[in-house]
4 protein chains.
Amino acid sequence: MSTTLISLKLDSDIPLYEQLRNQIVLGIATGKLQPQEKLPTVRQLAEELGINTMTVNKAYALLKQEHYIVIDRRHGAKVHAHPGKAAIDEEAADQLEQKLELMIAEASLQGVAADTFYNLCARIYSRMNIQKA
Amino acid sequence: MSTTLISLKLDSDIPLYEQLRNQIVLGIATGKLQPQEKLPTVRQLAEELGINTMTVNKAYALLKQEHYIVIDRRHGAKVHAHPGKAAIDEEAADQLEQKLELMIAEASLQGVAADTFYNLCARIYSRMNIQKA
Amino acid sequence: MSTTLISLKLDSDIPLYEQLRNQIVLGIATGKLQPQEKLPTVRQLAEELGINTMTVNKAYALLKQEHYIVIDRRHGAKVHAHPGKAAIDEEAADQLEQKLELMIAEASLQGVAADTFYNLCARIYSRMNIQKA
Amino acid sequence: MSTTLISLKLDSDIPLYEQLRNQIVLGIATGKLQPQEKLPTVRQLAEELGINTMTVNKAYALLKQEHYIVIDRRHGAKVHAHPGKAAIDEEAADQLEQKLELMIAEASLQGVAADTFYNLCARIYSRMNIQKA
DNA sequence: GTGGTCTAGACCACT
DNA sequence: GTGGTCTAGACCACG
C-alpha cells in the first residue's frame with residue numbers, strides 16, 4: 001500500500017481512526033487495495049502518518065470487525081479475500097437506507113435535483129473499479 | 001407537528017441534538033413539516049422527549065444556522081419558507097460527494113450492486129414530497 | 001414619514017425595537033427625516049408595521065434617551081431640531097472606537113483590504129446627506 | 001496567549017461568549033495571537049476568567065464555525081493558519097455595509113465629521129498588524 | 001488531558 | 001409566553 005493513499009486532516013470533525021478506516025474502505029472498493037494485499041503494520045503506518053499507534057490499532061480493529069480485513073498473527077493485516085461476499089445483513093441495509101435518506105433530504109433542500117444526484121452517483125460509480133460481488 | 005415524527009435513541013452514538021436535527025430535516029424534506037409550519041417550543045419538545053431544554057435549543061440553533069428554520073421572536077421557531085432556495089455552495093457539494101462516495105464504496109463491498117442502489121434511491125425519492133425550488 | 005422607510009425582519013437576530021430605532025436613526029442621518037419632522041404616533045406605527053405598541057414605545061423611548069428625538073406631550077414625537085449638535089461624549093467615542101475596531105478586525109480577517117474599506121466608507125458617506133454639525 | 005488579552009464585563013449586555021469571541025478575533029487581527037498559536041484549553045480559560053466551561057466552549061465553537069480557529073483533537077484549539085484567506089462572501093459583505101452605514105450615521109449625528117472618522121479608521125489600522133492574505 | 005455532550009435548574013431579554 | 005444565556009457538575013470519546 002502506497003501511503004499516498006491516506007491523507008488525514010488533523011482538524012477534521014471526523015476522528016482520525018475513522019478517517020483512516022474510511023480511506024482504507026475506499027481503497028478496497030476502488031481496487032487500489034487488492035484482495036489479499038498486505039497492509040502496513042500498525043507501527044509502520046502510525047509512524048508514516050505521524051499519529052499514535054493506538055489510533056491505527058483502533059482503525060484496524062474496526063475494519064476487522066466489519067470484515068473488510070483479516071488479521072493473521074503470522075502475516076499481519078490483509079485485505080479480505082472476497083470483497084462483497086458477505087451478504088448484506090438487514091441491520092446494515094437499514095442503516096444504509098437511513099443514511100442515504102438523510103443525505104438525499106439534505107441535498108434536495110439545498111436545491112440538488114434528483115437528476116443531478118443520479119449523475120453524481122454515476123460519476124462515482126464510473127471512477128470506482130467496483131469488484132463484482 | 002405530531003410528535004410521533006421524532007424518536008430518539010438514547011444509546012446511539014449520534015448526539016441527541018443531532019438526531020433531533022436530522023429528523024426535523026427529514027420531516028421538512030418529506031413534507032411532513034410544511035414551510036412556515038410552527039415547530040413545538042423548546043420546552044414542549046424537551047418535555048415530550050424527556051430531554052433537557054438545552055439539547056433542544058442546540059438542535060434549533062443548528063437548524064437555524066443552516067437556514068432550515070427561522071426563529072421569530074414573537075411566535076417561536078418555524079420551518080423556513082423557501083426550501084431548496086439556497087443554492088448549494090462548493091464546500092457543501094464537495095462534502096456531499098465525499099460522503100456519497102464512501103457510502104457507495106461500503107454498499108458495493110457489502111454486495112449491493114449499482115442497480116440495487118439506484119432502486120433504493122428511487123424509492124427514497126418517491127416517498128419524499130420534494131418541494132420545487 | 002412615509003412608512004416605506006421602515007422594513008422589519010421578524011426573524012432577525014436584532015430585536016424589533018432595535019431595528020426600528022436603527023432605521024429611524026438612518027432616516028435622520030440621510031435627511032429622509034428632517035429636523036422637527038413629526039413622527040407617527042406609537043399606535044399608528046405599531047399598526048402599520050403589525051407589531052406590538054410596546055415595541056414601538058421602547059424604540060421611541062430609546063431614541064429620546066439618545067436625544068435623537070424629542071417627545072412633546074402636545075404634538076407627539078418629533079425629530080430633534082439640531083442634529084449633530086450634542087457634542088460626542090467620551091463614553092460614546094470609546095464605544096464607537098471599540099465597535100469600529102472590531103468591525104475592521106473582522107473585515108481584515110475576511111480579506112477586505114484597507115483600500116476597499118475606505119472606498120466603502122466613501123460610498124456610504126456620498127449617499128448620505130450628512131447634515132453639517 | 002497572555003490572559004491579559006481578555007477582559008470580560010459581567011454586566012455588559014453583550015453575552016460573555018460573544019465578548020470572548022470578539023476579543024479573540026481582535027487578538028488575531030492585531031497579531032497578538034499569531035497564526036497556529038495554541039489557545040488555552042477550555043478549562044484553563046474558564047478558570048482564569050471565572051466563568052463556566054460551557055461558556056468558553058460556546059465561544060470556541062463559534063470561532064471554529066467562523067474559521068477563525070481550528071480544533072485539533074490532539075492539542076486543542078489553535079489560531080487558523082491563513083488569516084484573511086477565506087474570501088468574503090456576499091452575505092458578509094452586505095452585513096458589513098449595513099453595520100458600517102449605521103455606525104457612520106450615528107457618528108455623524110453625534111457631530112463626528114467624515115475627516116475625524118477617517119482619522120479614527122487610520123489609527124485603528126495602524127495599530128493592527130494586518131496579515132497579508 | 002483534550003473538547004464534546006448532557007442534565008437540572010436558574011435568570012434575563014423580547015414581545 | 002417565547003428563545004437565549006449561564007452555572008455547576010457529570011460523563012464520554014478521542015488520542
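Within every chain, numbering begins at 1; the chains are lettered A, B, ... in the order of the sequence lines, protein sequences first and strands thereafter.
- Shown here for D:Leu20 and D:Ala59, the closest heavy-atom pair between the two residues is CD2-CB, 3.8 Å.
- Counting to the nearest Å, the P atom of E:dT5 and the CG atom of B:Asp11 are 17 Å from each other.
- Between D:Lys64 and A:Asp13, at least one side-chain nitrogen of the basic residue sits less than 4.0 Å from a carboxylate oxygen of the acidic one, meeting the salt-bridge criterion.
- What separates CG of B:Leu39 from P of F:dT2 is a distance of 13 Å, to the nearest Å.
- Contact between C:Gly27 and C:Leu5 at its shortest, heavy atoms only, is CA-CD2, 4.4 Å.
- The distance from atom NZ of B:Lys64 to atom P of F:dT2 is 17 Å, rounded to the nearest whole Å.
- Spacing between atom CG of B:Asp72 and atom C1' of F:dG4 amounts to 15 Å, rounded to whole angstrom units.
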Problem - Protein proximity profile, nucleotides 6-15 of chain E - base contact B, sugar-phosphate-only contact S, no contact -, cut-off 4.0 Å on heavy atoms - result: BBBB----SS

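- The backbone N or O of B:Ile51 lies less than 3.5 Å from no partner atom in the side chain of B:Thr55, so there is not a single donor-acceptor pair.
- The CG-C1' distance, from A:Leu20 to F:dC14, rounds to 14 Å in whole Å.
- Here B:Asp94 pairs with nothing under the salt bridge (Lys or Arg N to Asp or Glu O under 4.0 Å) rule; sequence neighbours left out.
- Going from atom CG of B:Asn57 over to atom P of F:dT5 covers 8 Å, rounded to whole Å.
- In terms of the side-chain hydrogen bond (donor to acceptor under 3.5 Å, both in side chains) criterion, residue partners of C:Lys78 (sequence neighbours excluded) are, by chain and number, C:Gln36.
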Completion exercise
Output field dot_bracket for DNA chain F (Watson-Crick or G-U, both distances under 3.5 Å, | for other-strand pairs) contains ||||||||||||||.

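- By the salt bridge (Lys or Arg N to Asp or Glu O under 4.0 Å) test, D:Arg74 is found to be paired with D:Asp72, residues two or more places apart in sequence or in another chain being considered.
- Residue A:Glu47 qualifies as open at atom CD: its count of foreign heavy atoms under 6.0 Å is 12 or below.
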Exercise answer: donor-acceptor pairs, residues 97-107 of chain B side-chain atoms, under 3.5 Å, sequence neighbours excluded:
from     : atom 1 : to       : atom 2 : distance (Å)
B:Glu97  : OE2    : A:Arg127 : NH1    : 3.2
B:Glu97  : OE2    : A:Arg127 : NH2    : 3.0
B:Glu101 : OE2    : A:Arg127 : NE     : 3.4
B:Glu101 : OE2    : A:Arg127 : NH2    : 3.4
B:Glu106 : OE2    : A:Arg21  : NH1    : 2.6
B:Glu106 : OE2    : A:Arg21  : NH2    : 2.9

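- One atom, CG of B:Leu63, and another, P of F:dG4, lie 12 Å apart when rounded to the nearest Å.
- Between the CD atom of B:Gln44 and the C1' atom of F:dG1 there is a distance of 11 Å, rounded to whole Å.
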